[in-house]
Amino acid sequence: MKSKRNGFWKISVFAILFAVLAFISIGFASADTIYVPEGGNLTIQQAVDNATEGDTIYVHAGEYVEHVVISKDNISVIGERAETTTINNGGSGVAVLLNSTKNVTVSNFTLLNDPAAWFAEFAYNYSKLVPAAYDSPLPANYSLVAQSIDAKASPRQVWLVLSNDSGTFDDIIVGVGETFESTYWSSDTTRVSGTVESIFLSATADYVILNHTYLYSGGVPVLSDARLILVVGGETPVLYTCGGIDWQLEEGYTFTVGDVGAKPGLRQLWLRLNKNGVVLEEQVLSEGESYSYYKNGCLILSAQLDKLFSSGELWAASFSSIYQHSETTHNLLLNESFYLFKNADVSSKKNWSLYENYNLSVIGVDENTHPKQVWLQLSKNDVPVDNKIIEIGRSYNYSKSGNMVITAAVRDIFKGFENALVIIDNVYQYSDTTHNLLINNASHSYSAGHVRGVGWSLYQGYTLSAIDIDSNLAPQAVWLRLTKNETVLDDQIVDEGGCYTYSSGCRTILTASVNTIFDGENTGRVNITNVYQYDENTGTTLIDNVSHAMIFGAVIGGETWSLYEGYAITPRDIDARTSPRKAWFRFTKNNITVDEKVIKDEENYTYYKDGQLIFTAYLDSIFAGATSNIVQLKYVRQYSEMDGTPLIEFGEWDKKTLVAGKSLVRSKVNKGIFLYNSHENKIANNLIKSYFYGIYAIESNHNTLTNNIASNNDYGIFLRSSSNNTLTNNTASNNWDGIYLYDSSNNKIYLNNLINNTNHNAYDTSTNQWNTSSKGNYYSDYTGSDNNSDGIGDDPHSIPGGSGVDHFPLMHPWEEPPPLKGDLDGDSQITSKDAAIALQIAVGIRFCDSEIFALADVSGDGRVTSLDALMILQMAA
């Protein structure tokens with residue numbers, strides 16, 4: 001009887017539980033699976049914007065160059081496979097931001113920080129200067145250090161520090177082209193003199209080149225007429241002579257580009273001439289300058305540096321008028337009109353297919369020079385035949401056998417935060433055999449990024465969209481796109497204060513003025529004024545002088561200052577990318593917005609109601625910090641809307657400081673996955689590399705980070721002011737710091753692999769749990785023993801930064817056991833929740849990839865049905 005009652009009880013409970021599962025399934029019936037790219041969801045961000053609570057976003061394999069902002073609860077964003085599904089932030093900002101979310105899952109992605117993704121993918125062959133393997137030219141007891149440089153001075157300046165065994169005996173500040181001499185009197189005389197030939201700033205290091213350098217000690221020369229190269233902030237000078245991009249010339253000569261200084265401002269190239277492997281000379285050349293080398297008074301080599309190109313880690317340098325003469329006969333050996341050095345081989349790029357198997361491609365854009373530049377490559381039958389670096393407004397030309405084949409003009413170059421655009425026009429192509437005209441005055445646009453923007457629906461099916469903002473150089477510009485019934489009609493790049501006009505035939509369809517462009521830390525805003533739209537058939541006015549604001553990005557908001565009579569003012573965001581800086585203010589009454597304005601630094605914000613001044617303030621300062629931004633107001637006045645009496649009157653020295661939001665999406669410090677004020681989320685099975693912060697959490701609690709690999713970042717995983725999170729089965733390798741906890745407590749960190757992180761494998765300033773009751777983490781720098789061979793170190797492992805200790809450090813890297821059959825939510829246990837997931841899959845309301853399918857098909861019949869849900873429920877019971 002007892003056995004029968006127990007069996008009946010189990011069956012009854014099981015029936016009840018299954019009914020509960022069915023009820024749960026019905027509750028989830030409204031949840032959808034959204035696929036990317038599919039339908040109207042061409043980007044991950046579009047899918048997120050269209051998702052509702054409970055939805056799963058499934059991202060097919062591919063590379064998505066965008067910045068994904070998630071501000072919704074209870075959604076899942078799942079990549080097809082981490083190895084094949086990439087989110088690339090394009091080299092700036094945050095790839096994935098969880099902004100004040102709860103119960104969000106992000107998994108199965110590679111997060112990549114690669115600026116080259118704007119137009120092309122590269123097979124990198126990146127060469128740069130590396131230290132030579134010979135001694136410093138200075139005596140062992142002397143040190144000459146370039147302590148620091150002033151790159152903003154004109155000419156640039158360097159602070160030189162000369163020391164010996166007795167300590168520092170002179171500090172010298174000297175500019176480029178200037179000579180210096182230092183004298184220090186003691187028991188003997190120590191003197192150094194020389195000339196600063198050049199100060200060179202590159203992406204890899206900064207250098208100071210000294211010429212005619214002399215060092216005397218006690219009146220005796222220990223260094224005479226030397227040429228020294230100092231690494232800024234380094235130790236004693238060493239000559240940097242290895243590495244670089246070589247061009248083999250005649251008679252054993254090699255022309256080498258060692259490094260490129262393509263930062264904004266003075267652009268330079270480090271050149272080296274070798275013969276049979278021996279360095280003959282090194283020289284820093286500025287854009288537009290010529291190089292020449294003489295031997296025994298005879299010119300051997302000459303060339304002119306025309307253009308320098310830099311886009312992220314990609315660089316190129318073009319030379320013209322290249323001549324080489326024999327050092328014996330003095331005959332002309334080489335006569336080249338053009339040669340391009342480049343540090344990467346292009347594996348794919350944005351192509352425009354022309355006639356006769358020609359392709360005109362955009363390799364990249366260089367937005368940090370004025371005017372901006374584009375690297376164009378012409379190929380025939382997929383073989384490059386020409387490369388050129390072309391400025392806005394200049395023409396590209398290619399001839400073959402003296403006959404013009406391609407000619408085009410670069411009309412516009414745009415590099416926004418999420419998108420890039422190059423427009424060429426006046427394109428003509430001629431046959432390279434018959435010379436007939438094949439293309440007559442055409443135009444073409446190359447775009448990169450997700451090209452989404454924010455649209456404004458007009459009449460007759462037209463939509464005007466602000467795609468992105470370009471704040472790299474003044475003036476700021478906006479990319480405007482006009483479509484009709486989703487067909488692109490026009491792309492234009494319009495400067496702040498400029499006008500947009502679109503005509504069809506002889507009839508003007510749309511005109512507008514770009515009044516204000518605001519490129520905030522998190523939010524973009526474009527104010528369009530004086531908008532007129534005309535009927536495309538009759539010309540009658542459809543829109544008459546209206547204004548519209550286009551807002552895109554994450555509106556994080558700022559600190560609200562409550563005023564009298566229900567009024568309040570909030571700085572929504574700041575724009576620190578322009579001069580003067582700008583702040584976006586929202587003015588409300590009883591929490592209803594009554595006014596919004598973008599104000600420049602040192603301007604007044606004013607609000608009137610029915611002609612009466614209600615509020616005014618002078619914007620005294622805008623500060624853009626690493627994580628927070630502030631504005632300061634002075635000369636503040638508020639007047640009663642009842643009778644005009646003063647309610648607030650700030651004196652001359654009174655200031656009001658307000659936080660203007662945090663730098664999240666467009667943070668100056670790039671991040672792979674960023675959790676801000678987000679709780680109970682799951683970040684799993686992602687590969688994050690080449691960011692400053694791989695995974696970064698601030699003010700975020702009760703999250704689970706599992707099975708992620710963070711490599712080659714500055715910080716692999718960084719928690720700040722975040723508590724009660726679980727970090728397990730992650731690998732942090734080859735970062736500067738592996739797992740770093742700052743002002744974060746009660747977190748559980750176990751079964752993680754911390755391998756070859758340069759500064760610290762782990763760092764903890766607070767109190768956290770670095771092990772379970774039996775297992776901790778693997779540290780590649782752990783030196784303890786394991787006398788009983790149980791895989792656990794006999795000695796605890798101290799965590800730098802505070803009092804943290806891993807009591808059970810692993811002797812070998814942790815290897816995750818095979819996934820548990822039926823464990824569909826990845827929590828390493830079988831519960832009724834797993835059965836509910838199986839039932840959702842069975843009825844078709846939940847996405848199921850191949851990995852989940854393998855775990856859900858517990859019956860082994862090649863399907864996921866209610867039987868599998870039933871079996872999983874039995875396993876849970």
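We use all heavy atoms of the structure for the numbers below, so side chains are in, but hydrogens, waters and symmetry mates are not.
Closest heavy-atom contact between L230 and V145: CD2-C, 3.9 Å. The nearest pair of heavy atoms linking A624 to A576 is CB-CB, 3.7 Å. Nearest heavy atom pair, residue I574 against residue F623, reads CD1-O, 3.6 Å. Minimum interatomic distance between E287 and D306 (heavy atoms only, all atoms of both residues): CG-O, 3.5 Å. Across A762 and P800, no two heavy atoms sit closer than the pair O-CD, 3.2 Å. Nearest heavy atom pair, residue G93 against residue F417, reads CA-CZ, 3.9 Å.
Proximity of K655 to D620: side-chain heavy atoms (C-beta onward) are separated by under 4.5 Å at one or more points. Looking at L314 and N343, their side chains come closer than 4.5 Å, going by heavy atoms from C-beta outward. Side chains of L308 and T369 form no contact here, defined as non-hydrogen atoms less than 4.5 Å apart. For the pair V94 and N670, the minimum side-chain heavy-atom distance is 4.5 Å or more. Between T254 and L249 there is no side-chain heavy-atom pair separated by less than 4.5 Å. Side-chain contact between L144 and L210: present, with at least one pair of heavy atoms (C-beta onward) separated by less than 4.5 Å. Looking at heavy atoms from C-beta onward, E603 lies out of side-chain contact with L619 at the 4.5 angstrom threshold. Two residues are said to be in side-chain contact when any heavy atoms from C-beta on lie closer than 4.5 Å; V362 and V374 meet this criterion.
Separating the CG atom in L378 from the OH atom in Y398 is a distance of 6.5 Å, to the nearest 0.5 Å. To the nearest 0.5 angstrom, N713 atom CG is 11.0 Å from D737 atom CG. Considering CG of L301 and CG of L334, their distance stands at 8.0 Å, rounded to 0.5 Å. Put simply, OG on S711 and NZ on K689 are 6.5 Å apart, with the number rounded to the nearest 0.5 Å. Put simply, CD on Q373 and CD1 on I413 are 7.5 Å apart, with the number rounded to the nearest 0.5 Å. A distance of 7.0 Å separates OG of S148 from CH2 of W159, quoted to the nearest 0.5 Å.
The backbone N or O of V365 sits less than 3.5 Å from a side-chain atom of S311, completing a donor-acceptor pair. With hydrogens and angles disregarded, no donor-acceptor distance shorter than 3.5 Å links the side chain of R272 to the backbone of V279. A donor-acceptor contact shorter than 3.5 Å links the side chain of T329 to the backbone of N331. In terms of modelled atom types and a separation under 3.5 Å, the side chain of T765 and the main chain of D743 share a donor-acceptor contact. Looking only at distances, a side-chain donor or acceptor of D470 sits under 3.5 Å from a matching main-chain atom of K415. Of the possible donor and acceptor atoms, one in the side chain of E496 sits under 3.5 Å from a partner among the backbone N and O of I517. With hydrogens and angles disregarded, a donor-acceptor distance shorter than 3.5 Å links the side chain of N113 to the backbone of S690. Within the 3.5 Å criterion, the main-chain N or O of N296 finds no donor-acceptor partner in the side chain of E327. In terms of modelled atom types and a separation under 3.5 Å, the side chain of S780 and the main chain of N756 share a donor-acceptor contact. A donor-acceptor pair under 3.5 Å is formed between the side chain of N735 and the backbone N or O of A710.
A cation-pi arrangement is found for K275 relative to Y253, the charged atom lying closer than 6.0 Å to the ring centre and inside a 45° cone about the ring normal. A cation-pi contact, defined as under 6.0 Å to the ring centre and within 45° of the axis, links K671 to Y696.
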Worksheet item: side chain to side chain contact (heavy atoms under 4.5 Å, CB included) between I149 and F200: does it pass, once the steps are laid out?
Response: CA-CA 10 Å; I149 60 172; F200 182 87; over 6 Å; no
Worksheet item: Should R581 and E602 be marked as a salt bridge (charged side-chain N to carboxylate O under 4.0 Å, His left out) after you check the CA-CA gap, both sets of side-chain angles, and the distance that decides it?
Response: CA-CA 9 Å; R581 294 178 170 183; E602 299 184 347; over 6 Å; no
Discussion item. Between Q324 and N335, is the side chain to side chain donor-acceptor pair (under 3.5 Å) condition met? List the steps.
Written reply: CA-CA 7 Å; Q324 183 187 1; N335 181 1; over 6 Å; no
Item to complete: Would you sort out whether S326 and E251 count as a side chain to side chain contact (heavy atoms under 4.5 Å, CB included), showing the intermediate values?
Response: CA-CA 7 Å; S326 171; E251 296 185 345; 2.7 Å; yes
Item to complete: Please report the C-alpha distance between Y293 and L299 in whole Å, then the side-chain angles of each, then the deciding distance to 0.1 Å, and finally whether the side chain to side chain contact (heavy atoms under 4.5 Å, CB included) criterion is met.
Response: CA-CA 6 Å; Y293 173 71; L299 179 65; 6.0 Å; no
Item to complete: Go through the steps for D601 and S621 under the test side chain to side chain donor-acceptor pair (under 3.5 Å), then give the verdict.
Response: CA-CA 6 Å; D601 196 15; S621 180; 5.7 Å; no
Fill in: Audit row: Q304, S321, side chain to side chain donor-acceptor pair (under 3.5 Å) steps and yes/no
CA-CA 6 Å; Q304 177 168 317; S321 304; 5.6 Å; no
Discussion item. What verdict does the side chain to side chain contact (heavy atoms under 4.5 Å, CB included) test give for V161 and I172, after you've listed the backbone C-alpha separation in whole Å, the side-chain angles of each residue and the deciding distance to 0.1 Å?
Written reply: CA-CA 6 Å; V161 178; I172 311 160; over 6 Å; no
Worksheet entry | Pair Q632-T657, side chain to side chain donor-acceptor pair (under 3.5 Å): steps then yes or no | CA-CA 4 Å; Q632 287 187 325; T657 300; 3.1 Å; yes
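Each of F692, Y763, Y742, Y691 was checked for a side chain to side chain contact (heavy atoms under 4.5 Å, CB included) with Y715, and the lone residue meeting it is F692.
If you look at F319 and F341, their ring centroids are closer than 6.0 Å.
Between the side chains of D246 and T256, at least one donor N or O lies within less than 3.5 Å of an accepting N or O. Counting only N and O atoms by type, the side chains of Q377 and S361 include no donor and acceptor under 3.5 Å apart. Between the side chains of W375 and N387, a donor-acceptor pair is found at a separation under 3.5 Å.
Annotation: K388, atom NZ; neighbour count of heavy atoms from other residues, nucleotides and ligands within 6.0 Å is above 12.
No salt bridge links E281 with K295; every basic N to acidic carboxylate O contact stays at or beyond 4.0 Å. Checked for salt-bridge contact, R267 and D366 meet the test: a charged N lies under 4.0 Å from a carboxylate O. Using a 4.0 Å cut-off between charged nitrogen and carboxylate oxygen, D412 and K372 do not count as a salt-bridge pair.
Ring geometry for F255 versus W247: interplanar angle of 30 to 60°, hence tilted.
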